[in-house]
Amino acid sequence: MQKFTSIITLTFPSYPAFDEWFTLTKNYFLKDKKILQFLKENGMTKWTMTKTDDIEPVKTVIVMEYENKKAFDNCQKIFSKFIPNTNVRDMLIKSNLVRGNVIFDQI
């Protein structure tokens with residue numbers, strides 16, 4: 001099966017908005033080791049976040065890689081629980097998503 005990737009670009013109107021989102025994200029996903037264990041056990045192989053050097057608007061690119069599409073679907077259980085448990089829905093964040101099978105993976 002092919003690797004599956006989810007790439008998310010988030011644009012925040014200010015650094016405080018980014019900081020609030022990042023703090024919520026870290027507190028939800030990184031404080032409970034069971035969440036990371038669940039993601040690994042269900043096929044997530046990579047999760048990186050990159051913040052641009054721009055002062056404002058602040059942009060973040062998130063790359064999540066999975067063993068395959070089924071692993072992506074399994075891991076969504078955790079992410080779908082995140083939104084209702086935070087006030088992220090009320091934040092002014094512009095997002096773009098690209099999801100699909102990896103067709104080239106070298107170097």
- prompt: Near K94 NZ, under 6.0 Å, is it more than 12 heavy atoms from other residues, nucleotides or ligands?
  reply: no
field: Nearest-0.5 Å distance, CG of residue L39 to NZ of residue K34
entry: 14.5 Å
- prompt: What are the two closest non-hydrogen atoms of T25 and M49, and how far apart are they?
  reply: CG2-CE, 3.8 Å
query: Roughly how far, to the nearest 0.5 Å, is CG of N101 from CZ of F72?
result: 11.0 Å
query: At what distance, to the nearest 0.5 angstrom, does OG of S6 lie from NZ of K46?
result: 13.5 Å
message: Could you walk me through whether I7 and V61 satisfy the side-chain contact (heavy atoms from CB on, under 4.5 Å) test, starting with their C-alpha distance in whole Å, then the side-chain angles of each, then the deciding distance to 0.1 Å, before giving a yes or no?
response: CA-CA 7 Å; I7 301 169; V61 177; 4.1 Å; yes
- prompt: Just wondering, do L30 and L36 contact through their side chains at under 4.5 Å, heavy atoms?
  reply: yes
field: Within-4.5 Å side-chain heavy-atom neighbours: K3 and Y66
entry: no
- prompt: Angle class for the W47/F79 ring planes (parallel below 30°, perpendicular above 60°, tilted otherwise)?
  reply: perpendicular
W21 and F18 aromatic ring geometry - parallel, tilted or perpendicular at 30°/60° bounds: tilted
- prompt: With a 4.5 Å heavy-atom cut-off, do I78 and F38 have their side chains touching?
  reply: yes
message: With rounding to the nearest 0.5 angstrom, report the CZ to CG distance, R99 to L97.
response: 4.5 Å
- prompt: Should we count CZ of F29 as having more than 12 external heavy atoms under 6.0 Å?
  reply: yes
message: Within the 4.5 Å heavy-atom criterion, are I62 and L10 side-chain neighbours or not?
response: yes
- request: Evaluate side-chain contact (heavy atoms from CB on, under 4.5 Å) for V102 paired with Q2, printing each intermediate quantity in order.
  value: CA-CA 6 Å; V102 174; Q2 288 181 305; 5.9 Å; no
task: Verify, without hydrogens or angle tests, whether T45 (side chain) and E65 (backbone) share a donor-acceptor contact under 3.5 angstrom.
output: yes
message: Using a 6.0 Å cut-off, check whether atom CD1 of I103 has over 12 heavy atoms from anything other than its own residue.
response: no
task: State, yes or no, whether a side-chain contact exists between F4 and M44 at a heavy-atom distance under 4.5 Å.
output: no
- request: Please step through side-chain contact (heavy atoms from CB on, under 4.5 Å) for the pair T5 and V63, ending with a clear verdict.
  value: CA-CA 7 Å; T5 303; V63 177; 4.1 Å; yes
field: NZ-CD1 distance between K40 and I35, expressed to the nearest 0.5 angstrom
entry: 13.0 Å
message: Determine whether a donor-acceptor pair (N or O, by modelled atom type, separation under 3.5 Å) exists between the side chain of T23 and the backbone of E20.
response: no
query: Does the side chain of F12 reach to within under 4.5 Å of the side chain of P57, using non-hydrogen atoms?
result: no
- request: Report the distance from atom CG of N27 to atom CG of D32, rounding to the nearest 0.5 Å.
  value: 12.0 Å
- prompt: Which heavy-atom pair separates A71 from G43 by the least distance, and what is that distance?
  reply: CB-CA, 3.7 Å
